[in-house]
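Each remark here refers to the structure printed beneath this line.
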Amino acid sequence: MKNRIYVTPMVTRFSVPNTGEVAPETVAHYRQLAKGSPGLIIQEATCVDIDGRLMDRQLGIWNDEQIQGLHQIVEAVHGEGCAIFVQLHHAGVVGISEAPMCPDDYTYVQADGSVKIGRRMTLDEIRKTQEAFVAAAIRAYKAGYDGVELHGCHQYLICQFLNCKVNRRQDIYGKDPLRFVEEILV
């Protein structure tokens with residue numbers, strides 16, 4: 001990296017609605033950020049699973065068709081001499097899914113007072129979600145990103161596993177909540 005200044009991930013809502021695909025505004029936005037000469041940009045929360053979206057205009061990295069658009073972002077940023085990581089994300093119970101998954105059954109009260117009911121993930125769903133993170137990292141590599149960051153805060157899925165009020169499981173993922181993330185990393 002050319003310096004130690006980096007741009008933190010900030011959701012833009014520039015993607016194509018309901019597809020997760022990169023829009024021209026997305027590329028222009030990241031090119032403009034790179035023109036400010038940071039050493040690194042961490043691209044906004046980019047969802048690893050269509051059912052894990054936070055909103056309908058969230059960037060996605062859940063299928064191979066999205067790689068080309070994501071590559072356009074990478075090329076625009078690299079063209080300005082800047083490195084770029086992608087932040088891999090899954091919203092869990094706080095997302096827009098009609099049947100949101102969560103480490104355990106959980107009732108989430110949103111800021112507007114509405115309620116979302118998260119259903120307990122099966123072991124198979126945990127494994128498939130971990131695989132979605134891994135597959136997204138592979139797509140990020142194919143798109144040319146310099147690295148990835150796992151989004152583990154702001155009440156999203158990884159954070160839900162680490163929160164004992166949400167994750168009340170009695171199996172290995174409750175007794176060792178870091179295991180969810182550690183198995184993604186290995």
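Heavy atoms only: backbone and side chains are in, while hydrogens, waters and symmetry mates are out.
Note on residues 151-169: pairs passing salt bridge (Lys or Arg N to Asp or Glu O under 4.0 Å), not counting sequence neighbours, are R169-D171. Sorted by first and then second residue, the salt bridge (Lys or Arg N to Asp or Glu O under 4.0 Å) pairs involving residues 46-66 (not counting sequence neighbours) are D64-R139.
Taking the six-membered ring where the residue is Trp, Y156 and H89 present perpendicular rings, their angle passing 60° and hence far from 30°.
The side-chain heavy atoms of L70 and Y145, taken from C-beta on, include a pair separated by under 4.5 Å. No side-chain heavy atom of F133 sits less than 4.5 Å from a side-chain heavy atom of E183. Looking at L123 and R127, their side chains never come closer than 4.5 Å, going by heavy atoms from C-beta outward. Looking at C102 and V166, their side chains come closer than 4.5 Å, going by heavy atoms from C-beta outward. The shortest distance between side-chain heavy atoms of L185 and L150 falls below 4.5 Å. For the pair P103/L157, a side-chain contact is recorded, criterion being any heavy-atom separation below 4.5 Å from C-beta on. L59 has its side chain out of reach of I61: every pair of non-hydrogen atoms, C-beta onward, lies at least 4.5 Å apart. Contact of the H154 side chain with the V94 side chain is not registered, since no non-hydrogen atoms from C-beta on lie closer than 4.5 Å.
The two residues P9 and E44 have their closest heavy-atom pair at CB-CA, 3.9 Å.
A donor-acceptor pair is defined here as one N or O able to donate and one able to accept, closer than 3.5 Å; no such pair exists between the side chain of E80 and the backbone of V77. Listed for the Q72 side chain is no donor-acceptor partner under 3.5 Å among the backbone atoms of P24. Judged by distance alone, the side chain of K116 and the main-chain N or O of G95 form a donor-acceptor pair under 3.5 Å.
For the residue pair Y30 and E75, no side-chain donor N or O sits within less than 3.5 Å of a side-chain acceptor on the partner. Side-chain contact of Q160 with Y106: a donor-acceptor pair under 3.5 Å is absent, judged by distance alone. In this model, a donor atom of one side chain and an acceptor atom of the other lie less than 3.5 Å apart for E149 and Q87. A donor and an acceptor atom, one from each side chain of D112 and S114, are located under 3.5 Å apart.
The 12-atom threshold is not exceeded at OH of Y6, counting heavy atoms of other residues, nucleotides or ligands nearer than 6.0 Å.
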